[in-house]
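First up is the structure itself, then whatever we jot down about it.
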Protein chains: 2
Amino acid sequence: MEFVEHRSRKDQVIDKAAELFRVNGYSATSMRDLANALGIEAASLYSHIRSKEEILQNLCFGMAEKFRSKLEEVERSDVSSSQKLRAGIVAHIHIMSDNLTESAVFMNEHRHLSQPFLREFLLLRINYINRFKRIIQQGIDKGEFIHVDTKLAVMTLFSSLNWMPHWYDPQGVIDPESLGNQLADMLIIGLKA
Amino acid sequence: MEFVEHRSRKDQVIDKAAELFRVNGYSATSMRDLANALGIEAASLYSHIRSKEEILQNLCFGMAEKFRSKLEEVERSDVSSSQKLRAGIVAHIHIMSDNLTESAVFMNEHRHLSQPFLREFLLLRINYINRFKRIIQQGIDKGEFIHVDTKLAVMTLFSSLNWMPHWYDPQGVIDPESLGNQLADMLIIGLKA
DNA sequence: CCTACCGATCGGTAGG
DNA sequence: CCTACCGATCGGTAGG
């Protein structure tokens with residue numbers, strides 16, 4: 001929203017923390033590790049953030065909001081269930097590939113949130129999953145999809161999406177759009193010739 | 001292999017550690033937490049295990065070996081690619097549901113292994129993934145499967161399998177056999193009516 | 001399996 | 001953003 005790209009020092013701290021959390025995990029990353037990676041003293045971090053966990057909260061809820069708002073857009077579109085499922089998958093992968101490090105933290109480290117943040121986070125996540133589940137259920141009701149177990153279907157989809165930060169290379173040949181479409185194809189039409 | 005079910009104290013320590021590692025993560029679980037859960041003093045743990053990491057090594061490599069040996073059996077069978085893929089999936093889910101806690105640790109905590117163990121573990125994992133990849137590739141070569149991206153296909157499968165410890169309830173209505181077959185169906189024939 | 005203890009490191013604060 | 005420092009906790013050892 002600004003003409004000058006201005007990343008606040010707080011954002012820089014959070015970004016660097018995300019990198020370390022991703023590689024070593026939240027608990028195994030110390031504030032001294034983080035300070036060191038930024039070239040400052042550990043105590044200086046606290047002029048930018050209130051606590052170690054505040055960083056994790058920023059990362060987890062920031063990503064949750066990105067995923068949620070995009071999926072809401074998709075839901076509002078008036079298309080077939082296949083198209084809606086496809087659009088939801090593509091949207092998710094787009095956000096993920098734009099924020100690979102944060103996505104990995106979002107997926108793997110949220111359990112280190114304390115209460116009531118953990119509870120809130122899990123509610124957001126179950127809500128997100130249920131939105132996809134509803135899309136699949138609608139497809140079944142309309143006869144567009146076969147009568148699969150929606151829980152298994154949505155968990156298969158969700159785990160595929162969650163695992164992507166582990167192997168997807170945004171510098172590689174395949175763009176988020178194609179990857180999303182290929183995943184959608186595989187889920188919708190299967191492997192069978 | 002014994003008539004009397006005899007769980008060594010070491011195994012009890014490892015099992016209890018697996019529970020704590022699963023819930024709180026390896027780094028966030030202290031040896032005092034573990035000792036407390038067993039009703040002994042932290043120092044007493046070291047009569048059974050050499051170090052905290054030795055516990056993790058036992059868990060990770062123990063599970064890796066279970067998965068590997070079962071998949072090798074499946075590979076030796078002379079059946080179609082669909083059937084082989086299906087059998088591999090069912091075998092994986094069987095092992096997982098028999099060792100849910102250990103599977104979760106195997107999946108989420110292996111990164112806390114130090115070198116050279118981490119490297120060795122990752123080699124075992126890539127080998128396991130490649131075995132599934134080969135089954136899919138053979139199916140494509142024989143015209144049994146359509147020409148999908150094998151990397152995407154195998155990653156989708158692998159992430160589904162890995163994520164199961166998060167939601168699969170072995171006390172629930174669906175047994176490992178059925179779950180495996182349903183997942184195989186979904187991947188092979190898709191959702192499309 | 002215990003008591004007693006080690007040096008290292010943790011997240012964070014006070015005060016500038 | 002720094003120096004100086006806090007109490008708590010870490011994985012692990014010595015010696016029984």
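Because only heavy atoms are used, hydrogens play no part in the values below, and waters and symmetry mates are left out as well, while side chains stay in. Below, chain A is the first sequence line, B the second, and so on; all start at residue 1. In this text, all values refer to a predicted model and were calculated from it rather than measured experimentally.
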* **Close approaches to DNA chain D from residues 107-120 of chain A, in residue order (heavy atom, under 4.0 Å)** =>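 Nothing qualifies; none.
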
* Asked: Can you list, by residue number, the residues of residues 10-24 of chain B that have a non-hydrogen atom closer than 4.0 angstrom to DNA chain D?
  ->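 Heavy-atom cutoff 4.0 Å gives no residues at all.
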
* To do: Check the side chains of B:Ser51 and B:Glu54 for a donor-acceptor pair under 3.5 angstrom, ignoring hydrogens and angles.
  => no

* Asked: Do we see a donor-acceptor contact under 3.5 Å between the side chains of A:Lys192 and B:Ser82?
  -> no

* **Summary of protein contacts for nucleotides 11-16 of chain D, nucleotide by nucleotide, where a base hit scores B, a sugar-phosphate-only hit scores S (4.0 Å, heavy atoms)** => BBB---

* Under the side-chain hydrogen bond (donor to acceptor under 3.5 Å, both in side chains) test, which residues partner B:Gln138, sequence neighbours left out? -> none

* side-chain hydrogen bond (donor to acceptor under 3.5 Å, both in side chains) partners of B:Glu75, counting only residues at least two apart -> B:Arg131

* **Interatomic distance where CG belongs to B:Leu34 and P belongs to D:dT9 [whole Å]** => 17 Å

* Asked: With B:His110, which residues qualify under ring-ring contact (aromatic ring centres under 6.0 Å, His included), at least two apart?
  ->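 Scan of B:His110 (ring-ring contact (aromatic ring centres under 6.0 Å, His included), adjacent residues dropped) gives B:Phe121.
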
* Please identify each residue that fulfils ring-ring contact (aromatic ring centres under 6.0 Å, His included) with A:Phe21, with sequence neighbours left out. => A:Tyr26

* Starting at the 5' end of DNA chain C, what dot-bracket string do you get if Watson-Crick and G-U pairs under 3.5 Å are bracketed, crossing pairs use [ ], other-strand pairs use | and unpaired bases use dots? -> ||||||||||||||||

Could you pull out every donor-acceptor pair under 3.5 Å between side chains of residues 36-44 of chain B and any protein atom, sequence neighbours left out?
{"unit_1": "B:Ser44", "atom_1": "OG", "unit_2": "B:Glu41", "atom_2": "O", "d": "3.4"}

Got a list of side-chain donor-acceptor pairs under 3.5 Å for residues 88-100 of chain B, not counting sequence neighbours?
{"unit_1": "B:His92", "atom_1": "ND1", "unit_2": "B:Tyr128", "atom_2": "OH", "d": "2.7"}
{"unit_1": "B:His94", "atom_1": "NE2", "unit_2": "B:Glu177", "atom_2": "OE1", "d": "2.9"}
{"unit_1": "B:Ser97", "atom_1": "OG", "unit_2": "B:Ile93", "atom_2": "O", "d": "3.4"}
{"unit_1": "B:Ser97", "atom_1": "OG", "unit_2": "B:His94", "atom_2": "O", "d": "3.3"}
{"unit_1": "B:Asn99", "atom_1": "OD1", "unit_2": "B:Lys66", "atom_2": "NZ", "d": "3.4"}
{"unit_1": "B:Asn99", "atom_1": "ND2", "unit_2": "B:Ile95", "atom_2": "O", "d": "2.7"}

* Pair listing, side-chain hydrogen bond (donor to acceptor under 3.5 Å, both in side chains) test, anchored in residues 100-109 of chain B, at least two apart -> A:Arg111-B:Glu109

* **Pairs meeting criterion side-chain hydrogen bond (donor to acceptor under 3.5 Å, both in side chains) with involvement of residues 178-191 of chain B, two or more places apart** =>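 Every side-chain hydrogen bond (donor to acceptor under 3.5 Å, both in side chains) pair that includes a residue of residues 178-191 of chain B, provided the two are not neighbours, is B:Arg86-B:Asn181, B:Arg86-B:Asp185, B:Asp175-B:Ser178.
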
